[in-house]
Structures are given as structure tokens and as C-alpha cells.
Amino acid sequence: MKFKPVNSRLDIENMELEVLKFWKDNQVFKKSMESREDGRTYVFYEGPPTANGLPGSHHVLSRAFKDIFPRYRVMRGDYVLRRGGWDTHGLPVEIEVEKQLGLTGKEQIESYGISQFNAQCRQSAFEYIQEWEKLTDRIGFWVDLETAYVTFENDYIESIWWILKQLSEKELIYKGFKVVPYCTRCGTALSDHELSLGYQDNTSDPSIFVKFPLKDLSNTSLLIWTTTPWTLPGNVGVAVNPEVDYVTVELEDATSLIVAKALCTTLFTDDTKYSVTGEMKGTELVGMEYEPPYSFIPFEGKAHYVISADFVTTSEGTGVVHMAAAFGADDMMVATKYDLPILMTVDEKGCFVKEVVPWSSMWVKDADPLIIDDLVEKNLMFKHEKYLHTYPFCWRCNTPLLYMARSTWYISTTTFKSRLVELNKTINWYPHHIRDGRFGNWLDNNVDWALGRDRYWGTPLPIWMDEDGDWLIVGSVQELSELTDSNCSELDLHRPYVDEIVFPNPKTGKQMSRVPEVIDVWFDSGAMPIAQWHYPFENSEIFDQQFPANYICEAVDQTRGWFYSLHAISTMLFNSVAFKNVACLGLILDENGQKMSKSKGNIVDPWDVIDKHGADAFRWYLYTASPAGQERRFSTDLVGEVVRNFTLTLWNTYAFFVTYANLDSWSPNSDFDVEDKGSDIDLWIISELNNLVKDVTDALENYDATGATRPIERFVDLLSNWYVRLSRRRFWKTEDDSDKKAAYATLYQCLLTISKLLAPSMPFIADELYRNLILDDDESKNSVHLSDWPDYDAHLIDQNLNEEMRLIQKLVSLGHNARQSAQLKVRQPLSEVVFWAGGKTKDNLIERYAGLISTELNVKKVRWLDSADEAIVYTLHPLPKQLGQKYGSLFPGIREAIKTLDPVDASSKLLGGENVRVIVGSDDIDILPDEIEVRVQSRKGFATAEEGGLVAGLVTDLTEDLIMEGLAREFVRKVQDLRKSNGFDISDRISITYKASGVLNDAIGRHSGYIMGEALALSLDLVEDVEGNEEKIGDHHLIVSLQKS
RNA sequence: GCUCCGGUAGCUCAAGGGGUUAGAGCAUGUGCCUUAUAAGCGCAAGGUUGUGGGUUCGAUGCCCACUCGGAGUACCA
């Protein structure tokens, strides 16, 4: 039985598409799950993407990393259910639909109709689902999209209701009136983790210094600083730090200002004439009353006086802080403490209310300049300028957020803060620093989860409330049916349908209706371990089996997103982690190190990469380029390098093997034992192979994709450019002996094992190789992805052998170097090469590898440099590691002393294993042989090359015999070129006719046997009238012609 | 402001629990092998390891400060 012939030119796209077709036709993915059903369960969660935008290169990154470890686990025999999922709710979807429909705000949505709007959202959430499916499929990410969970389905929503009910039974849900970041365009508050998505640096805001005249001190004002002029109409007090020193400063116009002493010099520049007329502690100011700049809104109780607050600093501003209770978290806290009024001067659209007469209905940020003008006019402005700072914007619509007091629903995650932290300690994060760093810090600063959103397309908050504010959470559809005394099983659990459901309060009989909010979309994704199974209403066995996850993976931006929502929900609900291992990927940057983003237009379209270089190469680049957690620069060309350096090298090795194995009708035979019958080089590559299996396995066990791929690159290079290159003759020689069998068996084992090691990372080419190499009639059954992961045999790993071969490679490389410097091409045979390798020089290494070295370097004889009979220049190199550690500060002296020794005398002692003695100051010190390295530098009569204490020297004298042999090799080369350009098959026999001049003619005659053997020629004839182009070898003329025999 | 990650050859990246001469690939120059591969194989050139201090016999690695890039974070009023 023969292998399918392999073309040495690889058509990557075609190959990958055929493998894809094979997977599909034979349901290989499905089989990879089913065939392992009895195995250990390994749980993977798909972090659901939203399909309302096109997938980009960064999605290929996360999907590649999501794929590699589950594929590996399957080959280890684990059952890995890989269910896909789609995130469908939330602001991102709503905003896209608003754009499509040309709606600009909530009023327009409501007049358009919530039910129609939500129907559009439902559709939009899947707008690009085909693009996602296509890309997922094409890059070989195995995830089951047919059974994917969808967050908008009733079952999914019902599970979330159940979760919220559980949380409310633990009294974790409450309604709070807090200052929250609020998007005036979207008309809703954002949660902390959404807030962190939208900070923008260098935001310019006004910076104003405003005078608040004191009631009881004429001509004296408190000077306050703010960057939000629009909050001034809401002012209810000012805060000072009781411990800070304040001063009264009299200006030229005889008015006085009170500011923190520490800030005087920054506030009053040199040309401003001023004098300090008084000094006091902050405490002395407390209680003083002032005239507020505005008093549009009437209120009851006391306000507009100085209060004391520790958080006031003197790093910026004036040290006197204006408080608007409704527009700052501190302000709200202080107001509550001192019972100050809360003046709601702004409505839910971010516009001033009608009481704020001059700017009524104006968006507050637009009113800023008008307020500034007004303050100037009233002579209350000390100065105003621009201020650059980092400010939060809505992560979806880019509107600057306002901090505003809103009534919203919260989950008291802070109740579980210490447990969140504890459980996080048990999670393996890759990279490790995220655990205590980015994620750990986040948990340390945990605040309650603001759950409600005043929006439309989301999981409705299942809270029903009556006019007294008494509320309850409905935890299932059945419960809703019971409460309403009707069948709700057909009800769409979205707005506006659930909004219509009312029922009497079971306790009082008062009518309860649903609160208007939907919930934070991040809660949807974090609920996915539970809701994807409609737990606990069904599938409780599957849920138990599939919780928690062994492995999840997303980019770092999910730290506060999905990673947090998963962790928070499962901690609160089950007192458990939701995932045990998590790979946290760095961002993809463009060629210039900038974050890829649509707005910058620097996105690399994944299809450009796939179409040009294929999915395998794309994936391989992502695994090998840099550690997963690091951000990475990316461009299409970088993936091209993978193809050139790795894919094609592997493919050529594979094509070589198949070509010759078929010529020899070789097929794998399990009786043949390479260990017994293999040569040194076979044992070496087998040793490297087993070492490779060990390294790759260890790396995959530790979620180290880089470690699981880079070593394969190195191995394939060794296999192709060392093992195959040096073993070629063994494959094409005519005798079918055990040496040839060993070569085939060895190369076969290497290629088959590589196909398995590559299966998780390069699933296409791995299967292409495997399916051909396995030689099975019923190939539909066989896929590398259904095969078992290879074991390594520790006994076959011979580190000593590996190091020897590494040394031999270095020596050969030095030999090439020496040839280069003497300008002697490899085709010209030389009589001898000698080597020096320091302490190794005495081993019988050279003898054992003489054949290999002489072939590579085309020399007749190989030996070590002999210190006894040749004039060698020795140098002594003290080894700092040994000597430095042993002698510490004496080391520099010792080093100098060693350099003054006679190198010949000292070297012969050291090489003979004797100590040498040096004198440093008054100390005699014996230096051991392994504390000095003896090096050889060069010698006359040799062409030499030296590196790192290794030396290669070539004897460059040419005899007539050597010259003749060189010419014969040149002739063979010409013939081989002609064979190739004539399109002869590698096994074709030929006859050669030629005409040559002078010594070349003699050389051809003398080496005719060698030439015929090399060129597979049956005849080699000197003919007067040869047809063909005249060529030159050196100074000699040549005409040569070939015929197929 | 604070925290984290990074700064190594023109480019993309390694390594280093302090120690001889800091490694690959790409690009450049140059040469060459070939009955697998010119999408190949060598060789050369290319580095004061961001800057400045400190610890040390010895720092690219450890410590401090600074700087640049990126990310995160904050009650910046």
C-alpha cells in the first residue's frame, strides 16, 4: 500500500479547504466529543460574543487560544463539550439599531414603539452571525454553534430571574439613591466596569475659580475651584480640611479671599499684588455661612455653610471644595451626614430643569460657557482657564458621562468582597500577575454592582413594586403565572410584554407592576454557566457536570467584564469559582504599536491574512510570536514568515519522505525496532523527538501556548536541515538493508508524531499529514483529532547525545566558516579538517561522527587538533563564574595573574588535569583545571574559524587528485542541473554524451564510475559533435547532453 | 495622581535565580549546497540591553530615580 503522492509545492488554501470539507463530511468535530463521552469531563466555557459587528483579527486571537487547549484535552481522552453562545442584549445592540433607524433618544424610541424597537434589536444582534460562523469555521475553532445558547431566549432569561431571586433571598438586592456615572444620551446609569471602558485622556474642561462671599465678613470670600460650572446651581455647601492651614489674602482691590495656604503661590502669580492678612486652621472656618452664586431651587433646612471633610486636599485647586450633593459621590456622602438638601437641578436628559431659568432645558455642558460669562458679569469669577484631565465617556456612544444622583437597583457584591478575594486566590491566571494585579486590585476596590439600566433591549429586571414601594422578585415563569393567576408560559419575557403584567401584592392586595429597568448586559454573560442550561428548571445533571469551567479565555479587557461577572455570580450563588484556569490575552496592536480600532482604521482584516497565508499559519503566528498575555504588534507579512520558515520546511520534509517511501514501496512495520537497528543519527533525532513530546506536553498542561509551539519549530528545522540532509543517501541508495529501513522508520515516526503534536495548534496541516501517513483504507474514520496524544519515552531521551550533536553542528558550521574565509567552495574536496573543543577535545566524538562531518565539509580526514605535535597558540581564559564565586574580591587580581602565566606550560598542565599556581599579593593560589578554559586561536597553514572556544582548521593544500575530484563533482552538478531542467524523473536512468577540454576531460575520464553512479547514468561517452550549449567549469570548456535510456 | 506590563540588532521577538564572546527569524550584504526545498543552506555585518545613579570582584539581569510606550485605576472637586 502506498502513500498518496505529495506535491512539493503546497497549495495551502486548497489543502485547508479540503481538510475542512473532510471534517464536515465526516462530522469529525462531533465525533471528537462523542468518542470521549466516557472520559473525564473537561469543561470549557465560550465567552459569548455579540454578532452585531464584524469579527476582527483580535477575535481570531482569542478563538485560537480558546481552541488549542480543548483540542489537546480531547486527544488526552477527555470529554470536552464545547457549546457556543451569543451575547445578544444591551446597549451595543440598541445603539446600532438607533443608528439604523435614525433615532436619537429615548423619546423617539418610545414613540417608535418598544416592541418594534426590540424586534429590530433581536434581528440586529445576529446581523453578522454568518460572518462569525464563517470565520469561526475557517480558522478551525471547534465550538458547537448549532446548539449555541442565546441570551435573549426565554429559557435563558428565566434562569437569570431565578438567580436574581436567589440573590434577593440572601438580601443582596436593594434600591439605592446614589451618585452614579450617567449617560445623558442613553438615559441610563452605567456600572463601574462599563465606566472603566470609556476613560479618555486629555479631556479639556473649564477650570474656574469662583468667589463665594461670606455673610459675616464683608469684602471677604471663600475661593472655590471646580471643573464643572454646571454643578454650581446645585451648590449646597463648601468643604474644608480641618487640619489644613488657610490664609486670608487681600488683593489690590481691597477684597479678600480665603484659600489654603499651600496653594497661594500657584493661585497668585508674581504680578498679582496681594498680601496675607490672616491665617487659620480649617476648623476655624467650619460653620461660616456664605452667599451661594445661585439659588434657583427653594429648599428647606440649613445650607450654604462651611463643613469639615478629610478628603479635601491641597494638591490642586484652592483647598475649598464646592459641594453639589446630587453630582458627586463625596458630595452626596457629606450632604447625608450634615443633612444638607439635595438640589436636583438637572433632568434625566442632562438638561437644566425649568427652575434654572436662564439655562432651562439646555444640556448642562453646553451651558458651561454661559455660566462662566454670568459669573464674570457678577464679579464672582476670580479666574477661569482650561483644564486637561482624564474623564469618563460612555463606552458605546462616546457622550461625556455626568455624575448624577439616580435611584437604581444594586447587588450588594461588597457583602461578599472577602470571599471574592479568597476564591480568586485559587484561580490559575495566565499570565500569573493578573490574579493579584489587575483582577486582585479590582476585587479589593469592589463596590456594589449597579444592576439596573433604564433601557429597552435587555433582560427585564423581574421586580414588581406597588405604590407603597413594597417589592418582590419573581423567580420563574411559573411563579409569575401563579401571581397573575394566568398562564404566562407563552409570554415573551422582554419589554414591553412583561411591562403589561400586573398582579395584586400577595400581602396587601395592592397592585404591583414591574419596575421599568432592564439589567446590566454583563450580568447576562456572567450568568452563562447557569442560564445556558436553563438551570435549575432543567438539565441539572449537565449543569453539575459542567460547572465550574476548567478553562476560559478572553482578552485582558474582560477582566472587569466577563471574568468579573462570572466570578461574582458564582461566588454569591454557589460560593464557588466559575473557572479554575483562565488565559488572559494581551491586546493586538498594529504595526506602529497602536491599539487596533475601527475609528483609527488600522484594523487588519482577518480574511486578508487567511486568504494569503492560511488559518494554520495565522494561528501559529499567534501562538509563537509572544507570550499570550503580552500585547503584540501584528501585520499580514509577519504571518507570511511562518509559512516560509516553518510550514514549507515541514511540508518539504513530508514530501521528501512520501516520494521516496513510495519509490521503495516502504510502509510502516511495527516489527522494525529503530532502537535496536538505528544509527547514531537515528537515535539522536528520536531522542530529540521524545524530548520534544515532553516539552510540548508539559507546556500544554500548563496553558503555555508559546511553549507548546516554539519547540516544534526548532525540531522541524533540525529534522529537515540536519537529519534529512545528512541521511538523504540512506534513502536513495539501492540496497534495501536495515540501515535504509531504520532511516524510513525514524523519519516516519518523527513525521507522524509531529502531526499529533501539531493537531491542537495547526489543525489543518496536522490532519493532512496524519491521514496520509496513517495508511488506512477507511480514511473517513481517521483524523488526528480523534487520535491519542503521543507519550514520550524518558529512556529514549539522551541529553548527552543531544548535546553532542549540537556540538557537531557547531563544528561543522565553523568548518563552513573556514572554507568561506579561504574561498574554497564545498565542491572542492580538501584533505583534512581539524577541530579544537576545549575540554571535549579528548573525547572520541570526532571519530564517531567522522563520516557525517567529512560528508558535510567534503574533506578526506577529520581529527582533533593534536596539542603535542602542532604549533598551536594557546590562550588562558579564567572562568568568572567559578573563580568569582570562590574568591570574591580577589578575582580581578587572580585574573591578571593568570594572564601573565606562560600559556604553553600552563595549558599542558591544565589539559593534563594538573593545577596551576598563581601568586596574588602575598597569597599562593592553586587554580583547578575546570576554573580556566584553555583556548586555541589559530595556526599557520590552516584556514581557521573560531567561536566560543571552538576552532575549526582546514588544510588548504590542493593535490592534483583533489583538483580532479573537484572537477568531477562540478561535472556531476552540471548533469544534475540538466536532469532537472530536462524534466527527468528522479528515478530515470540516462545516457550522457559530452565534450570537455584539458584537465576537465581527464577528470571526467578518471571519475567516470563515480559520475555515472551519482547521475544514474548507464553510459558516459566522450563525443566530438555534441549538441548543446557550451558551458564553463573554471577555465575549462564543456558541452554536455543527456538522453533518457 | 496611583498600580501593572513593557523598552534588548533597522523590524518581530528570545535568553538571563548576576559570571567567558546577549541569541533566533525577517530585512541587508555576500557566498553556496542540491536525484526534498531559490518559498533553500551558510557566512558576514548589525547591540554602550531606554537614561542616570547605587549594590557587587563583576549588572543587560538586583535596588533607587528618571524617561518613553501601552494598559489599568481614581471621591481630580
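Just so it is clear: chains get the letters A, B, ... in the order the sequence lines come, proteins before strands, and each one is counted from 1. Reckoned from all heavy atoms, side chains included, excluding hydrogens, waters and symmetry mates.
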Would you kindly say whether A/T414 and A/D448 are connected by a side-chain donor-acceptor distance under 3.5 Å?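 A/T414 vs A/D448: donor-acceptor pair found between side chains.
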By the 4.0 Å heavy-atom rule, please label A/G328 as base, sugar-phosphate, or nothing. nothing
Side-chain N or O of [X] versus OP1/OP2 of [N]: is the shortest distance under 4.0 Å?
{"X": "A/N721", "N": "B/rC41", "result": "yes"}
{"X": "A/R560", "N": "B/rU73", "result": "yes"}
{"X": "A/Y660", "N": "B/rA36", "result": "yes"}

Report yes if a donor N or O on one partner sits less than 3.5 Å from an acceptor N or O on the other, where the partners are the side chain of A/E933 and the base of B/rU20; otherwise report no. yes
Below 3.5 Å, does any donor atom in the side chain of A/T649 face an acceptor in the base of B/rA39, or the other way round? no
Who is the Watson-Crick or G-U wobble partner of [N], with both distances under 3.5 Å?
{"N": "B/rG72", "result": "B/rC2"}
{"N": "B/rA9", "result": "none"}
{"N": "B/rA27", "result": "none"}
{"N": "B/rU51", "result": "B/rA65"}
{"N": "B/rU20", "result": "none"}
{"N": "B/rU56", "result": "none"}

Whole-Å distance separating the CG atom of A/L876 from the P atom of B/rU21: 15 Å
Result for 5'-nearest mapping on RNA chain B, choosing between A/Q885 and A/H322, is A/Q885
If you pin A/L890 and A/R9 to their nearest nucleotides in RNA chain B, which one's is more 5'?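 The answer here is A/R9.
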Any ion pair linking A/E1014 and A/R969 (charged N to carboxylate O, less than 4.0 Å)? no
Across nucleotides 28-33 of chain B, 5' to 3', mark each nucleotide with B, S or - according to how protein heavy atoms within less than 4.0 Å reach it. ---SSS
Would you measure the distance from the C1' atom in B/rC63 across to the matching atom in B/rA39 and give it in whole Å?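 Pairwise C1' distance, B/rC63 against B/rA39, rounds to 49 Å.
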Using the P atom as the point on both nucleotides, what is the distance between B/rA44 and B/rG6, in whole Å?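 Each nucleotide's P atom is 33 Å from the other's.
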In chain order, what residues pass the side-chain hydrogen bond (donor to acceptor under 3.5 Å, both in side chains) check against A/D368, with sequence neighbours excluded?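 For A/D368, no residue satisfies side-chain hydrogen bond (donor to acceptor under 3.5 Å, both in side chains) once neighbours in sequence are set aside.
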